[in-house]
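Index from 1, following the sequence.
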Amino acid sequence: MRRPVQAALLVLSGLALLRGSLFTDLYLRYVKAGMRPLLIASGAVLLALGLAEAWSWYRRTRHAGDHLPPRTAWLLFLPVLSLALWAPPALGAYTAARETPKSTTTTQSQDFDPLPPTSPLPLTLGDFTDRVREDHTKAIRTRTVQMTGFATPAGQGGGWYLTRLIINCCAADAQSVKVRVYSTPSPKPDTWVTVTGTWHPHGTLGTASAEVALDAHSLKKIHRPTNGYTDALPLG
């Protein structure tokens, strides 16, 4: 590969990284928020290396009449330009429908704190799942809860899934948390909503036989949060 192509690729790659991590929130579609400093540093290093390579090539060839690189070499710019000019969408219902739901992190011996009297009670999907499957006090039985996520088709069994995707490092390791929703028509896949309702009584509450499901009383469409790869409390 000719040196001008190498220099241009380094510069464009650096600019693409800086654009997505320093000037916008696009990086949150691919990695968790804590990776931002590393992305900014990587973009700055690539940009500096590209500029240094371009300057070195210019000093050596300004009197040598170096030839342009072959036309095929310019094809290498396509993936870099696509990253810089067009960002792929964030993961959503297509991925969640094919993911095994994230298992609960609590154990049967764990004691749960009393639920506050707030109604509706804001909960994350993970907290709701733990309460349904692991809380032997059955505190969630009659409570009206409120959760936020995006819609995912449920296939057989009726209803649809309120879903969150959670990442540990990057989008490649995403795991889904799902709550099946009954009593309301399914929004279009990937539609972000806040759902209010009560536990759908199926199975024995506080055991693994309890269905992680909700009888919806109301549904409100919302905008996708900036950082959609977290199991956060409902948006205000």
Side-chain angles (χ1 to χ4, degrees), residues 25-33 88-106 112 115-116 118-135 139-140 143-203 205 210-236:
D25 293 320
L26 287 176
Y27 74 100
L28 291 175
R29 297 185 182 184
Y30 317 109
V31 298
K32 63 181 182 181
L91 300 181
Y94 180 85
T95 299
R98 290 156 178 79
E99 285 286 334
T100 302
K102 182 179 175 66
S103 60
T104 58
T105 56
T106 60
F112 287 84
L115 291 173
T118 307
S119 185
L121 176 65
L123 285 178
T124 66
L125 272 64
D127 287 342
F128 180 77
T129 301
D130 292 341
R131 289 283 182 173
V132 169
R133 291 275 176 89
E134 305 288 351
D135 185 3
I140 203 73
R143 297 299 303 271
T144 299
V145 300
Q146 191 175 69
M147 295 177 286
T148 291
F150 61 86
T152 301
Q156 297 180 349
W160 51 280
Y161 284 120
L162 185 68
T163 310
R164 284 278 193 162
L165 286 171
I166 304 172
I167 64 174
N168 294 318
C169 174
C170 58
D173 62 23
Q175 288 184 294
S176 63
V177 181
K178 300 176 183 178
V179 173
R180 191 183 288 265
V181 180
Y182 297 103
S183 305
T184 186
S186 174
K188 293 182 180 179
D190 292 320
T191 301
W192 279 81
V193 294
T194 295
V195 180
T196 303
T198 54
W199 174 65
H200 177 76
H202 185 270
L205 191 61
E211 183 178 11
V212 183
L214 198 71
D215 285 326
H217 301 163
S218 65
L219 179 150
K220 178 184 177 182
K221 294 182 179 180
I222 61 172
H223 294 293
R224 184 186 188 278
T226 300
N227 188 357
Y229 293 138
T230 59
D231 187 20
L233 289 172
L235 302 175

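- The minimum heavy-atom distance linking Trp160 with Val195 is given by the pair CH2-CG2, 4.0 Å.
- Few gaps surround NE2 on His217; more than 12 heavy atoms of other groups in view lie less than 6.0 Å from it.
- Shown here for Phe150 and Arg164, the closest heavy-atom pair between the two residues is CE2-CA, 4.2 Å.
- Put simply, the side chain of Leu162 does not reach to within 4.5 Å of the side chain of Leu214, judged on heavy atoms.
- Tyr182 places a side-chain heavy atom less than 4.5 Å from the side chain of Glu211.
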Going through the distances and angles, do Thr230 and Ile166 end up as a side-chain contact (heavy atoms from CB on, under 4.5 Å)?
CA-CA 5 Å; Thr230 59; Ile166 304 172; over 6 Å; no
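- When side chains are defined from C-beta on, Leu219 does not count as touching Thr194, because their heavy atoms never get closer than 4.5 Å.
- You'll find the side chain of Ile140 reaches within 4.5 Å of the side chain of Leu123, heavy atoms only.
- In this structure, Trp199 and Val145 have side chains that are not in contact, with every pair of non-hydrogen atoms separated by 4.5 Å or more.
- Under the 4.5 Å side-chain criterion, counting only non-hydrogen atoms from C-beta, Thr163 is in contact with Lys178.
- Taking 4.5 Å as the limit, some side-chain heavy atom of Asp25 sits within range of a side-chain heavy atom of Tyr27.
- Tyr161 contributes no side-chain N or O that, together with a main-chain N or O of Ala97, makes up a donor-acceptor pair within less than 3.5 Å.
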